[in-house]
Amino acid sequence: MYGSLPTFSSQQLAALDKVAKWLKSGTGDQQVFRLFGFAGTGKTTIARHLAAELNGPVVYAAYTGKAAHVMQQNGCEGATTIHQLIYSWERKRDGSFLGELNAESDAADAVLIVVDECSMVDEVVAKDLMSFGRPILVLGDPAQLAPVKGEGFFTDAKPDVMLTEVHRQAKNSPIQRLAMDVREGRSLIRGTYGTSRVVVLDDLDTEDILGADQVIVGRNDTRLSYNSVIRESLGFKSALPCIGDRLVCRQNDHRLQIYNGGLYRVIDLPEGKSPHGYMPLMLQSLDHAGSREVRVLINPDEFLHPGRAVEAKHYGRTQHFDFGYALTVHRAQGSQWSNVFIVDESEVFRASPQKWLYTAITRAIDRVTILV
DNA sequence: GGGTCCAG
């Protein structure tokens with residue numbers, strides 16, 4: 001198997017060594033091992049490599065469906081949401097769901113549980129996961145956004161290992177430097193940094209926005225207005241999804257294997273009647289090339305009246321999407337794109353503006369344009 | 001004052 005060994009840096013090798021030592025002898029005293037690192041430092045690669053050497057089942061999980069899906073893409077077999085892993089769900093009379101800890105969970109006899117994007121995990125879920133008494137390796141970036149309510153339970157304590165060398169972008173790339181500036185509290189200065197730019201409205205060209213692989217904003221209001229403006233520029237006339245439109249999924253559907261945060265292109269509007277005026281769409285995933293098409297059913301009302309509450313009986317029968325040209329940083333967390341356009345709304349997030357902007361910038365691999 | 005997540 002040596003042929004398939006990834007090339008590790010000395011920092012990564014030291015991390016591997018520490019985690020391996022913990023696994024070998026330390027998990028009785030210390031249930032949780034915190035392997036932290038800035039975005040793109042190779043945390044999952046290390047975890048997967050260690051898992052391959054273990055005798056016994058390793059389970060992979062993340063808080064969000066999207067993060068679990070990204071784990072799968074990175075070779076973490078069977079990665080799932082923590083909710084799917086440890087709870088069993090019962091439907092109550094009013095249509096809501098009651099989750100109970102599932103004693104039969106695969107977590108109960110795992111030799112190791114690996115949790116990615118752990119900055120999003122809150123205290124309740126973290127403690128439920130720990131109640132199985134199995135060793136947990138948590139991966140995360142303490143500089144990224146915490147859950148909306150409360151603190152990140154795992155990122156609230158000191159890391160056991162902190163990876164600092166970024167491999168996602170080229171070393172000392174402009175993106176890395178901009179991200180570091182923000183992380184360390186310096187403010188961004190208007191100008192050009194390689195192919196990346198920090199701009200004000202006057203510097204802006206439509207192509208900066210339309211040419212980006214993803215637009216990232218802070219507020220939902222901004223997201224909706226960017227979505228409309230971009231759709232208008234692209235020539236879409238209808239308020240409903242059209243062939244060629246870019247959509248983001250808003251709720252996991254494990255049966256259809258679509259996940260919240262997943263991006264899709266509308267490739268067909270199949271003819272045919274659906275009950276209640278539901279609208280069938282044929283979609284192609286934009287997150288990985290060559291994936292199969294998926295047929296979903298949407299409720300047009302969710303597009304015609306965004307923000308209006310949807311009746312429960314309708315909700316369960318359809319899938320839930322929104323236009324995906326612009327995303328909030330909160331929903332873009334865990335994803336990455338080559339060329340990202342950011343509308344800097346960090347000042348709105350008063351508790352942690354630098355975490356907001358850092359998370360936004362580190363979504364970009366090759367190029368970022370930041371409108372300040 | 002602003003952002004989200006999970007469950008069939």
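Every chain is numbered from 1, with letters handed out A, B, ... down the list of sequences. Any value given below was found using the heavy atoms of this structure, including those in side chains, with hydrogens, waters and symmetry copies removed.
We find that NE2 of A:His330 is positioned 14 Å from P of B:dC6, with the value rounded to whole Å. In this structure, A:Arg255 places its CZ atom 11 Å from P of B:dG8, rounding to the nearest Å. The interatomic distance linking A:Glu117 (CD) with B:dT4 (P) rounds to 16 Å, in whole Å. Atom pair A:Asp344:CG and B:dG2:P shows a separation of 16 Å (rounding to whole Å applied). Atom pair A:His69:NE2 and B:dC5:C1' shows a separation of 18 Å (rounding to whole Å applied). For the pair A:Asn102 CG and B:dA7 P, the computed distance is 14 Å after rounding to whole Å. Distance, A:Phe154 CZ to B:dC5 P: 19 Å, rounded to whole Å. Rounded to whole Å, the distance from CG on A:Asp221 to P on B:dG2 is 8 Å.
The CD atom of A:Glu302 sits 12.5 Å away from atom CE of A:Met279, with the distance rounded to the nearest 0.5 Å. Taking CD1 from A:Ile361 and CD from A:Gln176, the interatomic distance works out to 12.0 Å, rounded to the nearest 0.5 Å.
Heavy atoms of A:Gln84 sit under 4.0 angstrom from primed sugar atoms or phosphate atoms, though from no base atom. Looking at heavy-atom distances under 4.0 Å, A:Arg350 makes contact with a base. The residue A:Asn252 sits close only to the backbone: its heavy atoms come under 4.0 Å of sugar-phosphate atoms, none of a base.
Closest to the side chain of A:Arg331, from the set B:dT4, B:dG2, B:dA7, is B:dT4.
A perpendicular orientation is assigned to the rings of A:His83 and A:Tyr63, their planes being inclined by more than 60° (bins at 30° and 60°). Aromatic ring orientation, A:Phe38 versus A:Tyr358: perpendicular (interplanar angle above 60°, classes split at 30° and 60°).
Residue A:Asn220 places at least one side-chain N or O under 4.0 Å from the OP1 or OP2 atom of B:dT4. Here A:Thr328 reaches the OP1 or OP2 of B:dT4: one of its side-chain N or O atoms lies under 4.0 Å away. A close approach under 4.0 Å does not occur between any side-chain nitrogen or oxygen of A:Arg250 and OP1 or OP2 of B:dC5. Distances shown here put a side-chain N or O of A:Thr81 below 4.0 Å from the OP1 or OP2 atom of B:dA7. Side-chain nitrogen and oxygen atoms of A:Asn260 include at least one within less than 4.0 Å of the OP1 or OP2 phosphate oxygen of B:dC5. A close approach under 4.0 Å does occur between a side-chain nitrogen or oxygen of A:His254 and OP1 or OP2 of B:dA7.
Place A:Phe349 and A:Gln251 on DNA chain B by their nearest nucleotides, and A:Phe349 ends up nearer the 5' end.
Clustering ILVMFWY residues whenever any of their side-chain heavy atoms sit less than 4.5 angstrom apart, transitively, puts A:Ile175 in the very cluster that holds A:Ile189.
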